[in-house]
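Scroll down for the structure; my scribbles are underneath it.
Just so we're on the same page: letters track the sequence lines, and every chain starts at 1. Keep in mind the model is a prediction, meaning the values are calculated, not measured.
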There are 2 protein chains.
Amino acid sequence: MAALKYSRQRESIKEYLASTTSHPTADAVYLHVREEFPHISLGTVYRNLNLLADMGEVIKITTPHGGDRFDGVTKPHYHVLCTECGEIIDLNMDIVHSINEQAEKCFDGSIHSHTTLFYGTCRECLKKKKSI
Amino acid sequence: MAALKYSRQRESIKEYLASTTSHPTADAVYLHVREEFPHISLGTVYRNLNLLADMGEVIKITTPHGGDRFDGVTKPHYHVLCTECGEIIDLNMDIVHSINEQAEKCFDGSIHSHTTLFYGTCRECLKKKKSI
DNA sequence: ATTCGTGCAAAGTTTTTGCAGTCAC
DNA sequence: GTGACTGCAAAAACTTTGCACGAAT
């Protein structure tokens, strides 16, 4: 077990994720943190994002297109992917734990948890579609 | 709109996916189809998998680790990812459409659908864990 | 002093794409 | 004959990793 040491870079990454709801990709995090640490490398960003995700201080969201995205909100919650603009939006909705039990009835084994990604159209994009 | 033409390679890929429940990666499909078409290229496999997925004749499953996986069962259904062995297993459970409506109440926009991936331990791996 | 973290660059993995030839219609 | 599909190879996109130096304890 390696002891964890403080690093400003890691702290900056954590702060950025805590301050935004944009669910940035690793590259977006890199571009942002680079404003504070112009010499930070993408490798360091990836290392820290994975480290934070492993410690549960950050959530890694796997999406169908493009790379993984990161979320500073660690309380379990669902996301919506807008199929028009590709944005990922937090859903302020309680996790439906009951479907784990429902699933376990249909599965030869045990179920611990689940992730759900909703597909929809955000308000911005609904507006645009109407105005066409 | 390009007219679709028959191709044996595409047919073989489709047949393979219809015949297995193993949710192979693109590479695994490639390795299998290569037995019938030794000169098929990985590029062709990817092109056809994407084509079939776009037409809805095959489902692309995005998973946290490794590449995407493909499923010949087009009827909407959930999957379980065994966190021990990494296998993806079909869940014979009805889609809970009601959570789309639930989600829409919490979202400023419209929700069309959702995908859910359950995390669990399959029977095989439960056995192994017990015997340790 | 020791151990972990960083920057850099190289390499790894997965997926897409350009092109010339081939096959289906 | 035309347009789609193929194999091949190169490239793109994303992520990880080895190494020597610097920072934290």
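Between Phe118(A) and Tyr78(A), the ring planes are perpendicular. Angles over 60° get that label, and only those under 30° would be called parallel.
Partner Glu84(A) forms a salt bridge (Lys or Arg N to Asp or Glu O under 4.0 Å) with one of Arg123(A), Lys128(A), Lys129(A), Lys127(A) and no other, that one being Lys129(A).
Ion pair Lys14(B)/Glu57(B) flagged as a salt bridge, since at least one NZ, NE, NH1 or NH2 atom sits closer than 4.0 Å to an Asp/Glu carboxylate oxygen.
Atom NE2 in His39(B) sits roughly 12 Å away from atom C1' in dC8(D) (whole-Å rounding). In this structure, the CG atom of Asp68(A) is 17 Å from the P atom of dT13(C), given to the nearest Å. Distance, Leu49(B) CG to dT14(C) P: 15 Å, rounded to whole Å.
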- Task: Please lay out, stage by stage, how His32(A) and Tyr16(A) fare under the test ring-ring contact (aromatic ring centres under 6.0 Å, His included).
- Result: CA-CA 8 Å; His32(A) 178 92; Tyr16(A) 175 50; 3.7 Å; yes
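Looking at Glu104(B), its side chain does come within 3.5 Å of a backbone N or O of Ile111(B) through a donor-acceptor pair. Between the side chain of His65(B) and the backbone N or O of Thr63(B) there is no donor-acceptor pair closer than 3.5 Å.
Across residues 50-67 of chain A, not one residue has a non-hydrogen atom less than 4.0 Å from an atom of DNA chain C. Listed by residue number, Lys5(B), Tyr6(B) are the residues of residues 4-37 of chain B with a heavy-atom contact under 4.0 Å to DNA chain C.
For the atom pair Asp68(A) CG and Phe70(A) CZ, the distance stands at 5.5 Å (nearest 0.5 Å). The line from CD1 of Ile13(A) to CZ of Arg8(A) is 14.0 Å long, rounded to the nearest 0.5 Å.
Listed pair Thr44(B) / dG7(D) meets the phosphate criterion, a side-chain N or O lying under 4.0 Å from OP1 or OP2. Residue Tyr46(B) places at least one side-chain N or O under 4.0 Å from the OP1 or OP2 atom of dT15(C).
Across the interface with DNA chain C, nearest-nucleotide mapping of Val45(A) and Leu42(B) shows Val45(A) to be the residue nearer the 5′ end.
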